[in-house]
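We name chains A, B, ... by the order of the sequence lines, and we start the count at 1 in each one. Excluded from the calculations below are hydrogen atoms, water molecules and symmetry mates; all remaining heavy atoms, backbone and side chain alike, are included.
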There are 2 protein chains.
Amino acid sequence: MARKRITPGNIRLTEVAKLAGVSPITASRFFRNPEALSINKRARVESAARELGYVPNLAARALASQRTEVIGVLIPSLTNNVFADVLRGIYDALDGSRYSIQLANTRYSILQEERLLRLFLAQKPAGLIVTGINQTADSRVIMEAVDCPIVQIMEIGPAPIDMMIGFSHFDASKAAISHLLDQGCRRIGFLGARMDPRVQRRLDGYRSAMTEAALFDPRLIVTTALPTSVTLGGTLFADLLAQAPDIDAVFCVNDDLALGTLFECKRRHMVVPDQIAIVGFNDLEFTSSSVPTLSSVRTNRYEMGRNAAAMVIETLEGRRPAGPVVDLGFSVMKRQSSARRR
Amino acid sequence: MARKRITPGNIRLTEVAKLAGVSPITASRFFRNPEALSINKRARVESAARELGYVPNLAARALASQRTEVIGVLIPSLTNNVFADVLRGIYDALDGSRYSIQLANTRYSILQEERLLRLFLAQKPAGLIVTGINQTADSRVIMEAVDCPIVQIMEIGPAPIDMMIGFSHFDASKAAISHLLDQGCRRIGFLGARMDPRVQRRLDGYRSAMTEAALFDPRLIVTTALPTSVTLGGTLFADLLAQAPDIDAVFCVNDDLALGTLFECKRRHMVVPDQIAIVGFNDLEFTSSSVPTLSSVRTNRYEMGRNAAAMVIETLEGRRPAGPVVDLGFSVMKRQSSARRR
DNA sequence: CAACCTCTTGGTAGCGCTGTCAATATCGGT
DNA sequence: ACCGATATTGACAGCGCTACCAAGAGGTTG
């Protein structure tokens with residue numbers, strides 16, 4: 001016959017209930033829905049829990065209730081500081097709440113994303129935050145079938161799975177090009193690395209703006225699948241100069257590339273912005289302190305993370321956010337690197 | 001009388017066992033210790049699990065086994081790209097393993113760290129990775145009492161709680177100053193932001209090197225508790241110049257400050273390195289592509305994260321790592337910003 | 001005063017898995 | 001052929017909590 005398992009000295013809900021003089025179920029309710037208790041018992045349970053230093057066993061809770069208090073977050077990269085900002089927003093929003101984060105790295109692969117999604121959903125997360133709007137068809141199907149709030153972040157588009165928060169990369173890119181056109185630039189190059197879906201849409205925006213201005217020329221575009229870096233910015237800019245020596249401006253899909261381009265210009269003694277105007281993307285902190293300061297497209301990454309997490313929590317608490325799709329917009333920060341005197 | 005709860009259509013271990021024609025307990029063993037099964041049953045359980053698409057319920061597992069497969073990670077900041085690299089290493093090491101990460105942000109507060117530690121330990125994590133060697137006395141006590149592998153990362157010191165991986169910030173800083181002294185610099189400034197314990201030890205290293213060279217002067221030191229940034233680097237450098245106009249070099253506790261200093265020099269038309277030599281810390285990617293390239297102290301952050309996670313896993317699997325303390329070292333990357341012609 | 005409601009509390013069973021033994025099968029040695 | 005040792009498998013109960021239902025307390029209404 002099985003012997004009784006050695007029970008460790010952990011404080012269980014039963015102990016708290018006994019000390020408070022209530023049934024375990026009442027004590028349980030105190031933690032999930034305190035308003036359901038009379039003021040009297042509420043205070044008794046609270047002081048008993050505090051006295052014993054009770055910490056609920058989340059595994060038991062998850063098993064019994066068939067759900068967890070974990071919000072799954074799927075992002076494509078940990079290195080990219082863009083996501084660091086988003087994550088900070090998410091963690092800040094969840095700070096002090098009952099929810100915690102389970103983070104997974106899709107490494108820019110939607111197949112990997114689908115695999116991780118299945119893994120997450122099997123554990124019945126309280127909510128889900130996923131990056132972008134390009135999921136596999138299967139991913140979409142399983143996400144739509146699942147009964148938990150889901151927020152797609154980083155960009156907006158038609159047909160959200162559930163909720164969505166981001167901005168239009170197409171419009172943002174187009175606005176950056178418009179600004180360069182306003183400055184009198186005509187031969188505007190495009191530098192892109194790690195061509196993920198959002199960067200692709202920035203390229204689409206560039207192409208649209210240039211075509212509308214009747215200035216489109218495929219030789220002005222240099223892209224690579226390599227992960228982005230400052231050094232790569234210099235390399236790509238050199239490539240661009242080689243295939244289109246007459247450029248008068250460059251739009252970089254992120255600020256690292258822009259900084260690399262700026263350094264490469266310095267190395268070649270090309271004067272920014274007089275000979276080459278530069279506009280970056282993301283508006284990282286350094287853009288406003290480089291020499292010359294770098295124009296960039298400001299995006300609200302921290303707010304994106306913060307709001308995404310808040311939207312999940314609100315939905316879980318029954319206060320469904322007003323609109324399922326939130327456009328956080330962007331703004332073109334016009335600085336020295338694109339200030340052409342005409 | 002309580003009615004039977006509606007059981008959802010989830011595949012349980014029982015179903016797998018039934019299909020495989022074995023007892024549930026045997027099926028359970030397959031997932032935890034496949035070698036204990038005969039080859040025959042092993043194959044039967046495996047194919048049954050695959051056929052049904054079985055995914056284990058982690059909550060039930062955790063509840064029954066009194067332990068989880070979660071490794072808790074406590075870091076002081078999500079924004080700091082130093083930790084992004086460490087995290088990437090940790091996630092990479094755990095990729096494909098049964099373990100997952102629970103991340104928490106201490107915001108550079110050891111009290112917050114202690115609170116999070118209690119929260120983590122109540123859930124019986126498989127292991128723990130904590131930042132630095134400056135924990136509260138209570139934190140140390142509870143960590144020493146806990147029966148799971150613990151790795152302190154980012155720096156090394158005496159008396160590890162369990163294991164330790166990092167490098168000496170004191171030595172690294174001292175080596176950077178030695179290099180500047182070798183270059184003939186005499187009035188070497190120190191720029192520090194967010195004076196966390198590791199940055200403090202870099203200051204100690206600076207002080208030690210300067211004192212040994214009989215060149216120490218408190219006016220050469222500018223520090224602030226503000227979080228670091230490129231812009232702040234420019235500001236601090238300006239402050240330093242104001243209180244010690246005769247400096248011939250600056251050691252910055254990180255590369256962001258160094259880049260900000262470089263930009264500020266450019267703004268003031270001070271030639272780097274001829275008038276001012278600059279050395280940063282961390283060797284971020286951009287240091288090798290700025291103009292001039294920035295000297296910096298390379299630290300092995302990715303390896304630190306990767307090894308820390310590997311050490312936890314090895315310990316869990318009974319293969320205790322050889323030494324409990326691993327010194328990953330550092331190297332002074334000598335580049336243009338500190339190359340003085342004498 | 002009965003009928004009815006709302007608020008609060010409790011009893012019972014079970015979530016899906018694994019720790020602890022016990023039982024059986026297998027094998028080599030004497 | 002018998003014994004003990006080793007591999008393999010199974011039975012049972014229980015991990016700590018909550019879903020579900022029921023029931024008592026207190027108030028309101030016609």
- Note on the structure: For A:Thr315, the side chain to side chain contact (heavy atoms under 4.5 Å, CB included) test, sequence neighbours excluded, returns A:Pro149, A:Met163, A:Arg320, A:Pro321
- Gap between atoms CD and P, on B:Glu69 and C:dT18 respectively (whole Å): 9 Å
- Whole-Å distance between C:dG10 P and A:Phe30 CZ? 15 Å
- Among D:dT18, C:dG10, D:dT9, the nucleotide that comes nearest once only the side chain of A:Val22 is considered: C:dG10
- Quick one: do B:Arg12 and B:Glu15 make a salt bridge, cutoff under 4.0 Å? yes
- Item | Proximal nucleotide (of C:dC15, C:dT9, C:dT18) relative to the A:Gln66 side chain | C:dC15
- Query: Within this structure, what is the CG-to-P distance between B:Asn40 and C:dA25, rounded to whole angstrom?
  - Reply: 16 Å
- Under 6.0 Å from the CZ atom of A:Arg67, do we count more than 12 heavy atoms belonging to anything else shown? no
- Query: Roughly how far, to the nearest 0.5 Å, is CG of B:Leu74 from CD1 of B:Ile110?
  - Reply: 13.0 Å
- Query: So, is B:Arg67 close to the C:dG19 phosphate, meaning a side-chain N or O under 4.0 Å from OP1 or OP2?
  - Reply: yes
- Query: Taking the side chain of A:Leu63 as heavy atoms from C-beta outward, which of C:dT12, D:dG16, C:dG19 is closest to it?
  - Reply: D:dG16
- Could you list the residues that satisfy ring-ring contact (aromatic ring centres under 6.0 Å, His included) with A:Phe167, not counting sequence neighbours? A:His169
- Message: From CZ of B:Arg29 over to P of D:dT9, roughly how many Å is that when rounded to an integer?
- Response: 8 Å
- Task: Find the distance B:Gln123:CD to D:dC15:P and express it as a whole number of Å.
- Result: 17 Å
- Query: Given D:dG10, is OP1 or OP2 found less than 4.0 Å from the side-chain N or O atoms of B:Thr26?
  - Reply: yes
- Task: Determine yes or no for a side-chain-to-main-chain donor-acceptor pair under 3.5 angstrom, with B:Asn300 supplying the side chain and B:Leu328 the backbone.
- Result: yes
- Taken to the nearest whole Å, CG/B:Asn33 to P/C:dC17 is 18 Å
- Message: Using a distance-only criterion (donor-acceptor N/O pair, under 3.5 Å, no hydrogens), is the base of C:dG19 paired with the side chain of B:Arg32?
- Response: no
- Item | Note: B:Arg42-B:Glu46 ion pair, threshold 4.0 Å (strictly below) | no
- Message: Strictly below 4.0 Å: does A:Ser23 bring a side-chain N or O up to OP1 or OP2 of C:dT9?
- Response: no
- Message: Measuring from the side chain of A:Ala64 (C-beta onward, heavy atoms only), which nucleotide among D:dC12, D:dT18, C:dT8 has the closest atom?
- Response: D:dT18
- Message: Nearest to the A:Ser65 side chain among D:dT9, D:dT18, D:dC17, which nucleotide is it?
- Response: D:dT18
- Minimum-distance nucleotide (side-chain atoms of A:Ser38 versus D:dT8, D:dC17, C:dT8): C:dT8
- Please report, rounded to the nearest Å, how far the C1' atom of D:dT8 is from the CZ atom of B:Arg44. 13 Å
- Enumerate the residues from residues 48-62 of chain A whose closest heavy atom to DNA chain D is under 4.0 Å, giving them by residue number; use none for an empty result. A:Tyr54, A:Pro56, A:Asn57, A:Ala60, A:Arg61
- Among D:dT9, C:dC17, D:dT18, the one nearest any side-chain atom of A:Leu13 is D:dT18
- Task: Looking only at side-chain atoms of B:Ile25, point me to the closest of C:dT18, D:dC17, D:dT9.
- Result: C:dT18
- Item | Value in whole Å for how far the P atom of C:dC17 lies from NZ of B:Lys124 | 20 Å
- Task: Would you please indicate if the ring centroids of A:Phe30 and A:Tyr54 are separated by under 6.0 Å?
- Result: no
